[in-house]
Amino acid sequence: MNRAPFAYAAGLCVLGTALGRAWQPSAQPAPVRDAAGNFPLRKGDLDCLAVVTAEREDFGVAAPGQELVRHVTFQNITDQEVRLDIVSTTCGCLQAEFDRKAIAPGERATLMLGTAAAPGPGEQAQFVRFSAEWIDRDTPRSEQGICGLRYACATPYVIRPEVLGISGLVGSDASAEVYIHRMEDPSDPPRLSSPRCSLSGWTLERADRPELPPGVAAYRLRGVIGSQTTLDAFIELDDPEGPEGFLRIPVRVRGDWAYRPEGGAPRIALSPGGQQRFVSVTRLIPRVKDLPAPATVILSAPVAGLTARLDGANLVIEVDTQVSSLLGSVRARISAADGRDLVDLPIVWYSPSRLGTR
Amino acid sequence: MNANCFWCVIGLAVCGGCGASGWSEPADDAAALIDALEAYESSLGVVAVKFESFTTPSVEWKRPEWLLLEQSTKLSGDTPFSFLDQRFLAVDEPDYVTAYTHGMYVDSQGLRATWSFDANRGMLTQHDDYLATGVHPFRALGQSLDYRHLRFSRPASMVLRDDPSPRFLPADEQCPWPGVLAQRVTDGGWDVEARLDPEVGFAPRWIKVTRRSDGLLAEDMRVIEYRQAGDTWFPSICVLAQNYAQIVEDVDHPLSGSRSADFGRSASLRGLPDELQREDVRSAVESMQRVRILDRATRRVQGPFLVFDEGEPLFAPQIVLVREVDVNASVVQFAAKIFDPVPATAEMYNGLTGQTETAGKVLGLYRSLFPSLWPQPAGEGGSP
């Protein structure tokens with residue numbers, strides 16, 4: 001993340017002096033912050049756009065990982081169409097996008113700036129530079145503008161890990177631990193309380209261990225891996241000393257199915273040559289011992305010309321030339337006799353000709 | 001790895017034009033192709049791979065030819081556990097400074113135990129983004145596309161599905177592989193184009209990541225050759241490039257003379273082993289070392305990382321050569337002996353507590369956190 005001040009202008013939104021085809025330095029003086037710390041627009045800044053509404057630039061103190069999104073809406077004040085484009089951003093982590101690339105006279109476009117707050121010392125600032133181009137009496141003209149956002153995201157703690165990743169078999173118990181101690185004085189325990197988790201049914205509780213020094217606060221996150229392949233969530237603690245009053249740590253949970261297809265899920269080539277029927281057999285391999293056997297297979301949608309069945313631990317797919325398309329896919333959900341889902345996988349069929357010229 | 005069965009399919013001579021122009025196919029085709037990619041991904045269980053990586057010549061940095069940068073063993077896949085044994089072989093080079101010349105990194109659920117064989121000490125900390133974004137074959141498979149969560153990146157098929165309306169890109173005369181273009185993915189600011197090869201089970205052949213804000217081709221990852229590994233395919237040769245954008249004085253002549261010399265030396269392939277002395281490797285390298293004008297008006301150009309910065313070494317592209325691969329590795333067996341080389345009495349910094357302790361104590365704590373990997377932790381014994 002770029003924490004350096006932007007090269008020559010920063011703030012609410014600043015548009016450079018209108019120029020001809022080539023960009024040239026503006027003759028205007030550098031903008032000056034107002035009492036609120038923003039860079040106000042001045043009448044002379046704009047030739048083609050007016051700022052209609054602008055959400056606040058300074059987000060103040062943000063929690064680590066907090067989503068920061070800012071919208072600025074412009075109006076075309078020329079009598080010609082104005083084309084808008086993003087020229088650059090100071091950081092790849094800054095998302096910047098206009099909701100429309102061309103605006104007719106009098107119409108509006110909104111610029112969205114978004115980022116996730118990252119811990120770091122002092123104020124952090126990110127900016128986007130954008131261009132606005134139009135034709136003024138047969139003369140191409142253009143301006144560049146700058147919009148930004150600022151925040152501070154300091155934390156007095158060392159958090160390990162800063163992002164929790166948990167994975168396991170779908171339906172299995174899972175846990176992970178996080179350790180928090182003060183950066184300056186590791187012997188002084190953090191005064192954190194009310195541990196909680198955004199995942200329904202999961203718990204976050206103290207996990208003190210005798211081998212840990214008293215200045216370390218350990219927490220254990222526990223739950224059952226759901227059926228979602230990947231789920232993003234967070235854990236949170238009340239933090240009376242922190243700027244936001246709480247501490248938030250991102251969590252990503254990944255569920256793996258109990259069985260995996262040997263050699264991968266079926267990809268069935270409908271080869272030319274007069275063949276009418278294509279059969280694919282995929283062996284399903286359990287990831288751990290003592291799993292129930294596959295008993296049923298259900299497709300996510302009926303497909304004309306395609307059938308799926310189980311032969312022991314083998315998934316057998318038959319496709320004939322009546323299949324509904326030359327390139328397609330459907331999902332198969334395989335379950336145990338007790339209804340427990342064991343694996344969900346795609347079945348793909350294709351005619352090489354459908355994939356394009358080779 | 002089965003050396004008798006290998007593919008030598010691509011080269012820029014036939015694929016210089018892979019790109020997202022000309023698409024007009026319905027989304028169902030794209031969805032099917034993404035499913036095919038998921039099917040390929042499901043063929044890889046836990047993968048243990050031994051590989052070498054090579055970095056480009058950089059004349060000003062006294063690197064007159066390609067240099068063997070690293071020899072590593074990496075274990076990764078559908079497990080929370082990953083492992084890297086990494087030997088940096090370019091540590092005496094003037095532009096390469098690394099903390100560990102021979103290090104070991106053991107990751108599980110966001111926590112990492114490291115060990116330096118040189119310094120005879122290690123650390124318990126969290127894992128970083130480097131091992132996701134470093135030079136290794138998993139990147140060429142699209143396993144590091146999830147920019148907001150690089151440490152726990154989702155597979156490429158899931159990232160592509162972030163676009164509700166991905167575009168199907170048919171194979172054509174310019175590009176021999178069908179593909180998918182997904183827009184506004186990873187953290188929303190990027191487009192990802194993945195070209196998949198049906199002849200190797202729809203494994204990725206070419207992945208391009210483009211920044212939406214300015215059209216920068218930020219990542220360009222190509223698999224030059226796949227080899228059969230068990231019942232599936234795994235890359236044996238990859239070329240990976242990261243680009244950046246820079247404002248330059250003269251957009252038509254943005255490169256210094258020494259950079260042009262670097263490009264020439266890169267194309268010569270001197271310093272690379274025999275397995276990489278191939279026209280398709282040369283072709284990929286040459287195409288990745290081209291510079292492109294992003295915006296003439298603002299004098300912004302795109303090129304390989306650091307290429308416009310005088311006095312900085314050239315790093316892109318880099319080439320990965322896979323020597324051995326096992327696509328059905330056993331994590332438990334791997335983990336069982338993993339800390340054997342670590343003396344229990346050696347020093348280890350415990351990032352969880354902020355204290356330096358013995359390796360035996362720190363690794364005992366680490367193992368106790370993951371009972372499925374280490375069911376009977378050896379207590380104080382760092383070397384069970």
Side-chain angles (χ1 to χ4, degrees), chain A residues 21-23 86-89 92-97 114 116 128 131 142 144 158 160-168 176-177 179 181 186 209 211-213 215-216 229-230 232 252 254 256 260-267 269 325 327-329 331 345-346 348 350 352 354-358, chain B residues 28-29 31-33 35-36 38-45 78-80 109-111 124-127 147-149 151-152 154 158 169-173 176-178 184 187-189 198 201-202 211-214 218 230-232 245 295 297-300 351-355 361 364-365 369:
Chain A
R21 281 185 186 278
W23 305 120
I86 303 296
V87 175
S88 64
T89 59
C93 55
L94 178 66
Q95 186 187 349
E97 201 162 46
V128 57
S131 64
S142 55
Q144 282 200 11
V158 175
R160 291 291 178 269
E162 288 171 319
V163 181
L164 273 167
I166 304 176
S167 67
E177 294 188 11
Y179 299 81
H181 63 82
R209 296 163 173 271
E211 64 265 40
L212 293 177
V216 177
T229 310
T230 301
D232 288 327
R252 172 165 276 194
R254 190 187 78 192
D256 294 319
R260 57 179 286 261
E262 187 175 51
R267 288 141 284 174
S325 62
L327 171 62
S329 62
R331 297 200 75 86
L345 49 79
V348 180
Y350 66 99
R354 187 71 186 95
L355 300 174
T357 306
R358 290 183 55 80
Chain B
D28 281 352
D29 286 353
L33 214 53
D35 279 344
E38 181 190 340
Y40 167 73
E41 290 165 346
S42 71
S43 74
L44 302 173
D78 56 355
T79 167
Q109 301 200 151
L111 292 174
L124 177 55
T125 180
Q126 62 181 345
H127 77 111
Y147 288 177
R148 287 183 64 179
H149 257 300
R151 298 173 197 183
F152 308 105
R154 296 170 299 162
M158 291 190 69
L169 311 172
D172 56 28
E173 298 300 330
W177 307 295
R184 296 182 177 83
D187 66 357
F202 289 91
R211 190 162 66 191
R212 292 183 59 79
S213 61
D214 60 0
D231 292 322
T232 187
D295 183 6
T298 55
R299 306 195 311 276
R300 284 168 51 78
L352 309 189
T353 63
Q355 298 177 350
K361 185 176 180 186
L365 170 64
L369 297 175

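Chain A is the first sequence line, chain B the second, and so forth, proteins listed ahead of strands; every chain is numbered from 1.
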What verdict does the side-chain contact (heavy atoms from CB on, under 4.5 Å) test give for B:E38 and A:R331, after you've listed the backbone C-alpha separation in whole Å, the side-chain angles of each residue and the deciding distance to 0.1 Å? CA-CA 11 Å; B:E38 181 190 340; A:R331 297 200 75 86; 2.8 Å; yes
From CA spacing to verdict: side-chain contact (heavy atoms from CB on, under 4.5 Å), B:L365, A:L212: CA-CA 9 Å; B:L365 170 64; A:L212 293 177; 4.2 Å; yes
For A:R252 and A:V163: C-alpha separation, side-chain torsions, deciding distance, then whether side-chain contact (heavy atoms from CB on, under 4.5 Å) applies. CA-CA 8 Å; A:R252 172 165 276 194; A:V163 181; 5.5 Å; no
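Proximity to chain B is limited to the side chain of A:E97, based on heavy atoms less than 4.5 angstrom apart. Heavy-atom distances place the side chain of B:R300, and not its backbone, under 4.5 Å from chain A. Contact annotation for B:L44: only backbone heavy atoms (N, CA, C, O) come within less than 4.5 Å of a heavy atom of chain A. For chain A, no part of B:E41 is nearby; none of its heavy atoms comes within less than 4.5 Å.
Across all their heavy atoms, B:S42 and A:G264 have their closest contact at OG-CA, 3.3 Å. Closest approach of A:A176 and A:L164 over heavy atoms only: CB-CD2, 3.8 Å. Residues A:H181 and B:L352 approach most closely at CD2-O, 3.2 Å, considering heavy atoms.
Between chain A and the residues B:G189, B:A39, B:S43, the largest count of heavy-atom pairs under 4.5 Å involves B:A39. Interface remark: of the candidates A:P261, A:P266, A:G168, A:P261 forms the most heavy-atom pairs closer than 4.5 Å to chain B. For chain B, the option among A:G263, A:G215, A:G114 with the highest count of heavy-atom pairs below 4.5 Å is A:G263. By number of non-hydrogen pairs under 4.5 angstrom with chain A, the leading residue of B:Y147, B:Y40, B:F202 is B:F202. The candidate from A:L327, A:D232, A:T230 with the greatest count of non-hydrogen atom pairs under 4.5 Å with chain B is A:L327.
Remark: side-chain polar atoms of A:R267 are paired, donor with acceptor, to backbone N or O of B:G201 under 3.5 angstrom.
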